[in-house]
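Just so it is clear: chains get the letters A, B, ... in the order the sequence lines come, proteins before strands, and each one is counted from 1.
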2 protein chains.
Amino acid sequence: MATPMIRGGGRTVAGGLRERSKARRLGNIRRAARELFVEKGYDATTTRAIAKRAGVGLGTLFTYAADKRDLLFLIFNDELIELAAQAFAQSSSAPVLADRLVAVFHDFYAYFTRQPNLARFLLRELTFYTHGPEAHRFQTHRDRIVAGVAAVVARARADGIIVATGDDMLVARAIFDIYSAEVRRWLADDQHEPNLAHGLTALRRVLQVLVDGLRPQR
Amino acid sequence: MATPMIRGGGRTVAGGLRERSKARRLGNIRRAARELFVEKGYDATTTRAIAKRAGVGLGTLFTYAADKRDLLFLIFNDELIELAAQAFAQSSSAPVLADRLVAVFHDFYAYFTRQPNLARFLLRELTFYTHGPEAHRFQTHRDRIVAGVAAVVARARADGIIVATGDDMLVARAIFDIYSAEVRRWLADDQHEPNLAHGLTALRRVLQVLVDGLRPQR
DNA sequence: GGATTATTTTGAACGTGTTCACTTTTGGCC
DNA sequence: GGCCAAAAGTGAACACGTTCAAAATAATCC
């Protein structure tokens, strides 16, 4: 467990040997897993290889991560949090919502470009890992993005560049859905060397459809 | 291979024993796989159990399907084709595009309701199985739906209930993206007994956002 | 220090999907 | 019928993710 149980008169000491070696082991596992995943991709990396490189027994891996997928998350969790924070920290003042959104999603696209071997798989897990032992983590990540998009939408509404719809979350979800599908399409198409500009252009075009709507203008 | 090689003076006869027993075996495998998948779900069904119930050796399975996922497709391919055909055959004349679309997607939702154990997995494969040995089949299925939606959009444009955008495929993709994400969300939320009405209501609401757009109306 | 208890590590063992060298069956030929 | 080559079938064997009972280690108490 992450926080050791305290029983009797404080059985576990903060700077104790146990805690230190756990931290060191966790670090080794993270590093080993990251190296191998990035180097070989997810499927081609075996848990045995990770254990070996980390210098721990096979079983030990599964006391630090619930399963192989969670190992992936163990690595990228922090990065994804920081990525989302950075993406939403910028505040574009572009007069068109689609441009503000593309500015945000640009960071995500760039991130995936940097992880070509893992991007597709990571995306799949982010999309479909909803029922495993550590599913809440991915769930949290999705929610964070949707919430961030909702904030962008709210600001755009306050700036008067879009109309009030009464439900920013609904709009945010639609935008997130389109982004998710587009980034997937992008990675599936130019799989070998995904072209950032192409991907963002395609994304912008679809988002603009959403912004414009389909109704006859009166 | 599906089509036997013809060499010399026509080595393979149409009504020969070989063809007949291949057809019978394929039927047995399909039936066994279907029963087990529906009964136990995808993960809990082993290839050994399928082979046993079909009365064939384990290795034989993999001469009829490239892998376990393809086995799933072997079963549902025909059904999915028919489902799409039926869904797009109806021609709603509702005055709002969102309603016409919901009428189409209703059939898909209803289909997933009938396969609760498999729906989520089938959906995942339809979304992400883009690089396996038989990926083109799923690709085809996706393309078929997008094309169908594009046709609905084109008709709506002809009927004057939406404006011309110049690119129906782009709009169709946006709609498909939203549908895919919504159906996934629906199945993930009420996983145990998905409520058809709830799902369609949520879908309609998001689609209406797309139809209305977000721009300030002049 | 030594004894005791809680925590952590570990790899052998299990169940799984998949492969492939071998066997069996089929169709054409005489 | 008997013979041969092509096709199809088969399960032992492999590699993998994961589990868990046993061993090793650390913390606490005297």
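Of the candidate nucleotides C:dT18, C:dT9, D:dT18, C:dT18 has the atom lying nearest to any side-chain atom of B:D67. Listed nucleotides D:dT18, D:dG9, C:dT8 differ in distance to A:K22; the shortest reach to its side chain belongs to C:dT8.
Interface remark: the A:R18 side chain does form a donor-acceptor pair with the D:dT25 base, using a distance-only criterion of under 3.5 Å.
We find that CD1 of A:I29 is positioned 13 Å from P of C:dT8, with the value rounded to whole Å. Distance, A:F62 CZ to D:dT19 P: 7 Å, rounded to whole Å. Straight-line distance from the CG atom of A:L61 to the P atom of D:dC20: 17 Å, rounded to whole Å. We find that CZ of B:R24 is positioned 10 Å from P of D:dG9, with the value rounded to whole Å. Rounding to whole angstrom units, CG of residue A:L72 and C1' of D:dG17 are separated by 15 Å. Spacing between atom NZ of B:K52 and atom P of D:dT10 amounts to 14 Å, rounded to whole angstrom units. Between the P atom of C:dG17 and the CG atom of B:D70 lies a distance of 15 Å, rounded to the nearest Å.
Proximity of B:T63 to the phosphate of D:dA8: no side-chain N or O atom is located under 4.0 Å from OP1 or OP2. An OP1 or OP2 oxygen of D:dG9 is reached within less than 4.0 angstrom by a side-chain nitrogen or oxygen of B:Y64. Residue B:R25 has no polar side-chain atom (N or O) positioned under 4.0 Å from OP1 or OP2 of D:dA8.
Residues satisfying the salt bridge (Lys or Arg N to Asp or Glu O under 4.0 Å) criterion with B:R184, sequence neighbours excluded, are absent altogether. In terms of the side chain to side chain donor-acceptor pair (under 3.5 Å) criterion, residue partners of B:R173 (sequence neighbours excluded) are, by chain and number, A:E182. Annotation: side chain to side chain donor-acceptor pair (under 3.5 Å) contacts of B:D143 (sequence neighbours excluded): B:Q139.
Note on residues 38-47 of chain A: pairs passing salt bridge (Lys or Arg N to Asp or Glu O under 4.0 Å), not counting sequence neighbours, are A:E39-A:R53. Residue pairs meeting the ring pair (Phe, Tyr, Trp, His ring centres under 6.0 Å) criterion with at least one partner in residues 56-89 of chain B, sequence neighbours excluded, are B:F73-B:F138.
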Hey, what are the protein-to-nucleotides 11-16 of chain C N/O distances that come in under 3.5 Å?
unit_1, atom_1, unit_2, atom_2, d
C:dG11, N7, A:G59, N, 3.1

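For CD of B:E82, the number of neighbouring non-hydrogen atoms (other residues, nucleotides, ligands) closer than 6.0 Å is 12 at most.
Taking the centre and axis of the six-membered ring of B:F37, the NZ or CZ atom of B:K68 falls outside the cone set by 45° and 6.0 Å.
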